[in-house]
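Both ligands and their constituent atoms are indexed starting at 1 by order of listing. Only this structure's heavy atoms are used, side chains among them; waters, hydrogens and symmetry mates stay out.
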Amino acid sequence: MKLRCLVLLSFFISASLFSNINMAQQPDIVQEHWYHSYATLTIDVNSWADDYPEIVNLLVIGQTELGRNLWMLQISDWSVETKPDGTQKEIVYIDGGHHGNEHLGTELAFLTAEYYIEEWAAGTKEVIDVLATTELHILIMLNADGNDQDTRWNINQVDLNRNYDHYWNTCPTTQPGSSAFSESETLANSIYMNTVVPDADLYVTMHTGVWIMLYPWGKWPEQPSDWELFHHIRDDVHANISDIPIQNANQGLYPNCGTSRDYGYGVMGFPTFTFETDDEQFVPGSFESLEERLNEEMDVMRHLIDNVWYWRARLNITSMEINEGVEINLNVKNLGYATTSNATIQYLDDSGAVLWSSNNFSVNATNSSNVILDASNLTLIEDGYFELYYQKRVIDSSKWVNENISNDLIIIFSEEENSFLGGSLIFDPTAIILVFLLAASWNKRRY
Ligand SMILES: [Zn+2]
């Protein structure tokens, strides 16, 4: 980590020399070099909650080891409980300030909250639309004790970003604590992830060090199971938003274990990124200022948040033909950017009991599949219905979802006469023959 006084110096020099470049959008950080302390953060988050009760819930989700509050902002349009189509809102989880001396990472979390609150108040359509369909959960400063002392560690000299229960203390590492979640800060963060936001489809944890975005794993050099999703986001960001390097953490930075990023992906199943901001005012050989780079990271954040709907598998059935007692012919599209490999069709009765499950099938990210499923032991009943059951992503820990299959999409071919068919269309060979015979006799009568 850089010495803070050096950073201060470089800021003051650049602020005076390059003030024409530093057009102020965040003058409080870059030009006045004003970072949040725990006290100023406490004032700001409480002001937001007072001024914007329509969109800001402020919670205390625990305390630091020294008893400072862990402030959680829940930002969404709270006048609506669900999305307009009645489904659950998308959930984004963001934290900052694991390391008390990484002030810009903490500020980036602050700037993200500030952007969505202030732009909502200003009537910006992008933000109004996002907050109508999405919940942002933002914990800006996890290590308030370390922040006040300008140190990486918490008060017990533990590196909080090595203290999570994912391959804890299995890398050459320093100061991971006496056990996983030995510290009140990481324990509170993990409880919140598990109890309030387990369905999140994006987790971003914000740090300072180098100009890079890191995805899992820190533990292993191999690409994560959901590499297609991470590579898609990388390529999309590079093509349209920013040249910021985006890499697997182990290769992009160094091997690390027990991080919140690996925990967020490996245990919670979230698509997870570590945002790092370097604290040099100018990258050597570049004229891009820190402020421009922060704005660039905000653009990436907005892209990740505004498109959170896509960061999972989204199966969409276009047709489903049932040859009763034989097979199901399924056409399914994956509208999301993650692959799913354990999908099944389930048949349930009106009490919700599963009567039948198909064999597993996969649908790759952004692909369509035609799937033939064995249905020799499927028996249709009155009031039965079908659901898709699948994992949002490939990683074992990712959440399972149940999604109803509309009867309008189902065509049932039955070989039995007079059988009850739950679907909307009925093809019965006997009935068709009868129709032909009737038509023939009608023709005879007419002529
Ligand atoms: Zn850090």
Side-chain angles (χ1 to χ4, degrees), residues 1-4 6-7 29 35-38 41 64-65 70 93-112 138-169 171-177 180-183 185-186 188-190 193 203-219 244-266 270 272-280 290 293-294 297 300-301:
M1 293 308 112
K2 308 286 183 295
L3 287 174
R4 194 175 176 187
L6 195 65
V7 180
I29 295 170
Y35 289 141
H36 280 91
S37 63
Y38 171 73
L41 178 76
T64 65
E65 289 284 318
L70 297 174
Y93 189 48
I94 295 167
D95 63 36
H98 272 78
H99 294 140
N101 59 348
E102 298 182 8
H103 302 278
L104 282 176
T106 307
E107 291 310 316
L108 191 60
F110 180 88
L111 290 175
T112 306
I138 307 181
L139 195 172
I140 294 171
M141 189 186 288
L142 185 72
N143 184 6
D145 301 343
N147 186 84
D148 273 10
Q149 298 188 2
D150 195 22
T151 171
R152 178 182 182 86
W153 326 104
N154 80 343
I155 199 66
N156 299 328
Q157 303 305 306
V158 173
D159 184 336
L160 295 182
N161 203 29
R162 302 292 182 274
N163 190 235
Y164 285 78
D165 192 10
H166 183 269
Y167 291 84
W168 174 80
N169 200 19
C171 292
T173 190
T174 56
Q175 296 164 241
F181 296 136
S182 58
E183 307 307 298
E185 297 90 350
T186 50
N189 203 19
S190 72
M193 288 186 203
Y203 169 41
V204 179
T205 181
M206 294 173 167
H207 288 256
T208 308
V210 284
W211 175 240
I212 198 167
M213 277 171 65
L214 302 166
Y215 59 83
W217 301 102
K219 166 72 179 168
I244 186 169
I246 302 175
Q247 277 185 279
N248 157 313
N250 182 292
Q251 299 293 289
L253 204 58
Y254 42 72
N256 44 65
C257 296
T259 63
S260 76
R261 178 197 50 250
D262 281 10
Y263 181 83
Y265 182 63
F270 305 147
T272 303
F273 290 95
T274 308
F275 267 52
E276 296 262 354
T277 306
D278 60 338
D279 46 18
E280 298 292 346
L290 175 59
R293 298 203 301 287
L294 274 178
E297 287 202 317
V300 178
M301 273 311 298

Legend entry - Residue from Asp95, Thr272, Thr274 passing side-chain hydrogen bond (donor to acceptor under 3.5 Å, both in side chains) with Tyr203: Asp95
Legend entry - Identity of the N, O or S atom of His207 lying closest to the Zn ion (ligand 1): ND1
Legend entry - Name of whichever N/O/S atom of His99 is nearest to the Zn ion (ligand 1): ND1
Legend entry - Polar contact flag, side-chain donor to acceptor under 3.5 angstrom, Asn250-Asn256: no
Inset, instruction - Return yes if a side-chain donor-acceptor contact under 3.5 Å exists between Asp150 and His103, otherwise no. - result: yes
Inset, instruction - Taking both backbone and side-chain atoms into account, decide whether Glu102 has an N/O/S atom under 2.8 Å from the Zn ion (ligand 1). - result: yes
Legend entry - Any donor-acceptor N or O pair under 3.5 Å, side chains Asn101, Thr151: no
